[in-house]
Engineer: 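Below: one structure in structure tokens.
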Amino acid sequence: MTAADRVLITGGAGFLGSHLCERLLAEGYEVLCLDSLLTGRVVNVQHLRDHPRFTFLQGDVTQPIEIDGPVHYVLQFASPASPKDYAQYPIHTLQVGAAGTYHALELANRKGAVILLASSSEVYGDPRENPQSEEYWGYVNPVGPRSVYDEAKRYAEAITMAYHRAHRVPVRIARIFNTYGPRMRLEDGRALPTMMAQALLGEPLTVYGDGSQTRSFCYVSDLVDGLFKFLTLDGSSQGGQDGNILNLGNPEEVTIHQLAQEIIRTTNSRSRIVFRPLPEDDPKVRRPDIRRASRFLGWQPRVSLAEGLKLVTPYFSAAVGKG
Ligand code: UDP
């Protein structure tokens, strides 16, 4: 029997990171989960800690990463990821995207590993094109409140492609659109967990602006499927640079007002909707063009928003203490 391939996942105790740890273990990999626990949580990986192929390492990717032995894959998933979190940790968010991605790339280069970068639809900023395809360069305010995250991800993409060009590191850049599922923090400030909690507690749902801005929400199992396919995509089947950069998300676009209504319906809530000021630079539209991902990975999401909200309700019910 050959030893399992080893994966290092930074941000492994976060929402997406912990679901990836689970999937990678189920696929037979050895998983090294690195997390500073700034926004990640031990409880997300508690059930994995006795697994013989799982190791938790507490550490911050803004410092150099030292790992003994082979590493076959590096997944750079460390970063505060909600607008509320990156507003609270602006400098650290920039540092994680910049120094953190640099250290992850250095490790991948030293170990001869494939690296998968968790990038974001935020690289498109407040887009002037809808849907957004990978060819779109984005419309980003470089000095606005969201710039600490947007520009960090743009820098992370740039340095990832630089390592690919200069050192031939095999790279995958996943531009991840809004994703939801169990283990999202109730207090992370994002629309979906905030409004789920409000609906379940019978409090008013806070819609920012007039609620006409759109987002497209992907259920976590679909996203993890796409990420796993991307990670393990045979490099030789890639056609030029295109296959290095993929949008991953669900193209089912809804207004935030519709999302609030759908959440009220799903949870049988009697809550009403209240309107609050729209945050600065809040993107007006967001919807992934996933034709490229579908071509390269044979992937597309399966879970509709209506189904996903039903699937996630027990988690949020338990999280608000009504489970
Ligand atoms: N939003 C809202 N109510 C909330 C939280 C967010 O209406 O309690 C809006 C927010 O202004 C944005 C959308 O919902 O237009 C999605 O916000 P989120 O923070 O989930 O993530 P984003 O897609 O902006 O990164």
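Counting starts at 1 for both ligands and their atoms, in listed order. Here the structure is a predicted model, which means the values were calculated and not measured.
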Engineer: Under a 4.5 Å cut-off applied to non-hydrogen side-chain atoms, are Phe230 and Phe296 in contact?
Structural biologist: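 In short, these two side chains do not touch, never coming nearer than 4.5 Å.
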Engineer: Just to verify, what does Pro83 make a side chain to side chain contact (heavy atoms under 4.5 Å, CB included) with, not counting sequence neighbours?
Structural biologist: Tyr86, Arg146, Arg190
Engineer: Please list, by chain and number, the protein residues whose heavy atoms come under 4.0 Å of ligand 1.
Structural biologist: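 These residues qualify: Pro83, Glu122, Arg146, Asn178, Gly189, Arg190, Ala191, Thr194, Thr206, Val207, Tyr208, Gln213, Arg215, Ile256, Pro279, Asp282, Arg286.
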Engineer: Do Phe15 and Thr179 come close enough that some side-chain heavy atom pair is under 4.5 Å?
Structural biologist: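 They are in side-chain contact.
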Engineer: Heavy-atom distance under 4.5 Å between the side chains of Ile159 and Tyr102, does that happen here?
Structural biologist: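 The answer is yes, as the side chains (C-beta and beyond) meet within the 4.5 Å cut-off.
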Engineer: Salt-bridge test for Arg185 and Asp85: reply yes if a basic N is under 4.0 Å from a carboxylate O, no otherwise.
Structural biologist: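 Yes.
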Engineer: Heavy atoms, side chains only, cut-off 4.5 Å: are Leu278 and Gln213 in contact?
Structural biologist: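 In short, these two side chains touch, coming nearer than 4.5 Å.
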